[in-house]
Amino acid sequence: MPAKVVVVGSLNMDLVTRAERLPRAGETLVGQSFATVSGGKGANQAVAAARLGAQVSMVGCVGDDAYGEQLRSALLAEQIDCQAVTTVSGSSGVALIVVDDSSQNAIVIVAGGNGQLTPEVVSGFDQVLQAADVIICQLEVPLPTVGHVLKRGRALGKTVILNPAPASGPLPADWYASIDYLIPNESEAAALSGLPVDSLASAEAAAGHLVAAGAGKVIITLGPQGSLFADGTRFEHFPAPKVKAVDTTAAGDTFVGGFAAALAAGKNEAEAIRFGQVAAALSVTRPGAQPSIPTLSDVQAFSPA
Ligand code: RIB
């Protein structure tokens, strides 16, 4: 029986344009392409965990619009259990994404149905949390809901992962004791710690700060530089496989979902980090959020250049 990963978080329809570069304030650019793609950090992490070997349940909300149906169908197509994906009145979450020729992106999200994932809604699906081995949250749903899930996950004795994305400032101090693995990227680590993160040394300082705040273990993802692990006794840098990036959207989500799936399957932390990094590296070689996420056999077949 595959181990069970439960993702509590967002589902967004991504409205993706490609352009030579990101527009400046007040500027109109002529783009190269447009696509609607299933995304949302929560749903992307659920798809990653499912494609990479875990049995997955999603807890979230979609609107009663066409996007809501498409977002649910995309998860069902991956054999993800959607009994806890509630349809609410109004629009689904959307993300407006511009990807430039250097594969970087800029994203604006509008919460839509994600904003209606309250602690009460999640409490109605407590049996889904109870069945989990690993629980993952992000920050695209209301913060009281994230706080509820972290604490409930800890009370149930589950492995709890928080991907604090997007982050605009410090986390509530009383969350830290419920987090086994805190997985920010560089800018999120800076927002959480109040320290600049622009080098391995500064990432170590920020990770040390977050462990001291009470997070069990911290993994700062560093894009093409890999990731930094910290647990209060040591730091370890994991270099990333080298690939040619075309679109970095959902790379962090693929890492988180892959790390969780590997951990749930019994791999140790170092193995799970390397596995997540290969999955994330493969994802940046393909466009889009969920369409870019590799399968277990893609990862197993990967050999570094
Ligand atoms: O992490 C990538 C995701 O961020 C996109 O799919 C978009 O929906 C935003 O939530």
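This is a predicted model, so every value here is computed, not measured. Numbering of ligands and ligand atoms starts at 1, following listing order.
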Single-linkage hydrophobic cluster, 4.5 Å side-chain cutoff, V5 and V122 together:
no
Quick one: which ligand 1 atoms are inside 4.0 Å of a heavy atom on E140?
4 (O), 9 (C), 10 (O)
Would you mind listing which atoms of ligand 1 come within a distance below 4.0 Å of any non-hydrogen atom of A289?
6 (O)
Output the list of atoms in ligand 1 that are nearer than 4.0 Å to some heavy atom of G39, sorted by atom number.
6 (O), 8 (O)
Without hydrogens or angle criteria, can the side chains of S123 and D126 be said to hold a donor-acceptor pair below 3.5 Å?
no
In Å and rounded to the nearest 0.5 Å, what is the CD1 to OG distance from I219 to S227?
6.5 Å
When rounded to the nearest 0.5 angstrom, what distance separates CZ in F259 from CD1 in I136?
9.5 Å
Residues, nucleotides or ligands: over 12 heavy atoms within 6.0 Å of R234 CZ
yes
Could you grab the distance from atom CG of L139 to atom OG of S10, nearest 0.5 Å is fine?
9.5 Å
Of all protein heavy atoms, the one nearest atom 3 (C) of ligand 1 is N44 ND2, 3.7 Å
With heavy atoms of A95 as the reference, note each atom of ligand 1 found under 4.0 Å away.
7 (C), 8 (O)
Say whether N12, considering both its backbone and side-chain N or O atoms, lies within less than 3.5 Å of an N or O atom on ligand 1.
yes
Do any nitrogen or oxygen atoms of D14 come within less than 3.5 Å of a nitrogen or oxygen of ligand 1?
yes
Among all protein heavy atoms, pick the one closest to atom 4 (O) of ligand 1 and tell me residue, atom and distance.
K41 NZ, 3.1 Å
Any donor-acceptor pair under 3.5 Å from D180 side chain to V160 backbone
yes
Counting each atom of ligand 1 from 1 as listed, which ones have a heavy atom of D253 under 4.0 Å away?
1 (O), 2 (C), 3 (C)
May I ask you to identify, for V37, whether its side chain, its backbone, both or neither come under 4.0 Å of ligand 1 on a heavy-atom basis?
neither
Going by the atom numbers of ligand 1, which of them fall below 4.0 Å from some non-hydrogen atom of G40?
5 (C), 6 (O), 7 (C), 8 (O), 10 (O)
Nearest-0.5 Å distance, NE2 of residue H237 to CG of residue L228
7.5 Å
